Trainee: 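Could you have a look at this structure, given as structure tokens, before my questions?
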Amino acid sequence: VQLQASGGGLVQAGGSLRLSCAASGRTFSSYCMGWFRQAPGKEREFVAAISWSGGGTYYADSVKGRFTISRDNAKNTVYLQMNSLKPEDTAVYYCAAAPRLTTAQGEYGYWGQGTLVTVSS
């Protein structure tokens, strides 16, 4: 599975962005998908994950209630809708694929290239 993330940009605090991650390959619908982020000078951290069917989701406490992960298996795409953005959400956001629903980075075998989100105060 090859992944291509897009949709990052510069937004003011309180604003919204929607990230997309397009996958190539016929097996996209069999993978659970996750979003991770890495802020400057920090380690990469889990943000959200969704099961292959879309019926199960996990969120980091820091984004719960503000971010929503979804997927469209017909379009081989997973989304991250980010609302009420804060300056601390500034990071490079990565999408990734795993064989099961998990928050553990090590279980994600496929990664996209990342898209930068910058939230100004």
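Only a predicted model underlies this, so the values are computations on that prediction, with no experimental measurement involved.
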Trainee: Mind listing the closest non-hydrogen atom pair of A48 and L80 along with its distance?
Mentor: CB-CD1, 4.1 Å

Trainee: Would you say Y93 ends up clustered with V63 if hydrophobic residues are merged whenever their side chains have heavy atoms under 4.5 Å apart, either directly or through other cluster members?
Mentor: yes

Trainee: Indicate if Y59 and L101 have the same hydrophobic cluster label, given that clusters are the connected sets of ILVMFWY residues with side-chain heavy-atom separations under 4.5 angstrom.
Mentor: no

Trainee: Kindly give the heavy-atom pair with the smallest separation between G54 and R71, and that separation in Å.
Mentor: N-CD, 4.1 Å

Trainee: Under the criterion side chain to side chain contact (heavy atoms under 4.5 Å, CB included), I'd like the reasoning laid out for T68 against Y79: C-alpha separation, chi angles, the key distance, then a yes or no.
Mentor: CA-CA 8 Å; T68 302; Y79 305 97; over 6 Å; no

Trainee: Can you tell me how far OG1 of T57 sits from CZ of F67, rounded to the nearest 0.5 angstrom?
Mentor: 14.5 Å

Trainee: If you compare all heavy atoms of L3 against all heavy atoms of A96, which two are closest, and at what distance to 0.1 Å?
Mentor: CD1-CA, 3.7 Å

Trainee: Taking all non-hydrogen atoms of both residues, which atom of L85 and which atom of R66 are closest, and how far apart?
Mentor: CA-NH1, 3.9 Å

Trainee: For atom CD of E88, is the number of surrounding heavy atoms from other residues, nucleotides or ligands below 6.0 Å larger than 12?
Mentor: yes

Trainee: Could you tell me which non-hydrogen atom of C32 sits nearest to which non-hydrogen atom of S51, and how far apart they are?
Mentor: SG-CA, 3.7 Å

Trainee: So Q12 and V119, side chain to side chain contact (heavy atoms under 4.5 Å, CB included) or not? Walk me through it.
Mentor: CA-CA 5 Å; Q12 288 188 331; V119 184; over 6 Å; no

Trainee: Find the distance between OG1 (T90) and CG (L116) and round it off to the nearest 0.5 Å.
Mentor: 8.0 Å

Trainee: Should the pair R44 and Y94 be classed as cation-pi, given the thresholds of under 6.0 Å to the six-membered ring centre and 45° from the axis?
Mentor: yes

Trainee: Transitively linked via ILVMFWY side-chain contacts under 4.5 Å: I69 with F28?
Mentor: yes

Trainee: Between T115 (side chain) and S6 (backbone), is there a donor-acceptor pair under 3.5 Å?
Mentor: no

Trainee: Please confirm whether the backbone N or O of V92 pairs with a side-chain atom of R37, one donor and one acceptor, at under 3.5 Å?
Mentor: no

Trainee: Given salt bridge (charged side-chain N to carboxylate O under 4.0 Å, His left out), test D89 with K86 step by step and report yes or no.
Mentor: CA-CA 5 Å; D89 294 318; K86 304 174 181 180; over 6 Å; no

Trainee: With side chain to side chain contact (heavy atoms under 4.5 Å, CB included) as the criterion, how do V11 and T118 come out once you've worked through the C-alpha distance, each side chain's angles and the decisive distance to 0.1 Å?
Mentor: CA-CA 6 Å; V11 63; T118 303; over 6 Å; no

Trainee: Would you give the length of the straight line joining atom OG1 of T103 to atom OH of Y58, rounded to the nearest 0.5 angstrom?
Mentor: 7.5 Å

Trainee: Can you name the one residue among W52, Y108, Y110 that meets ring pair (Phe, Tyr, Trp, His ring centres under 6.0 Å) with Y31?
Mentor: Y110

Trainee: Are the side chain of S62 and the backbone of A60 linked by a donor-acceptor contact shorter than 3.5 Å?
Mentor: no

Trainee: Rounded to the nearest 0.5 Å, what separates atom CD in Q4 from atom CD in Q113?
Mentor: 4.0 Å

Trainee: Rounded to the nearest 0.5 Å, how far apart are OG1 of T77 and CE of M33?
Mentor: 9.0 Å

Trainee: Kindly determine whether F36 and C95 satisfy side chain to side chain contact (heavy atoms under 4.5 Å, CB included), including the steps that lead there.
Mentor: CA-CA 6 Å; F36 294 79; C95 59; over 6 Å; no

Trainee: For A23 and V1, work out which heavy atoms get closest and say how close.
Mentor: CB-CG1, 4.0 Å

Trainee: Using a cut-off of 6.0 Å, state whether more than 12 heavy atoms not belonging to K42 lie near its atom NZ.
Mentor: no

Trainee: Without hydrogens or angle criteria, can the side chains of S16 and N83 be said to hold a donor-acceptor pair below 3.5 Å?
Mentor: yes

Trainee: Quick check for you: to the nearest 0.5 Å, what is the distance between E45 atom CD and W35 atom CH2?
Mentor: 14.5 Å

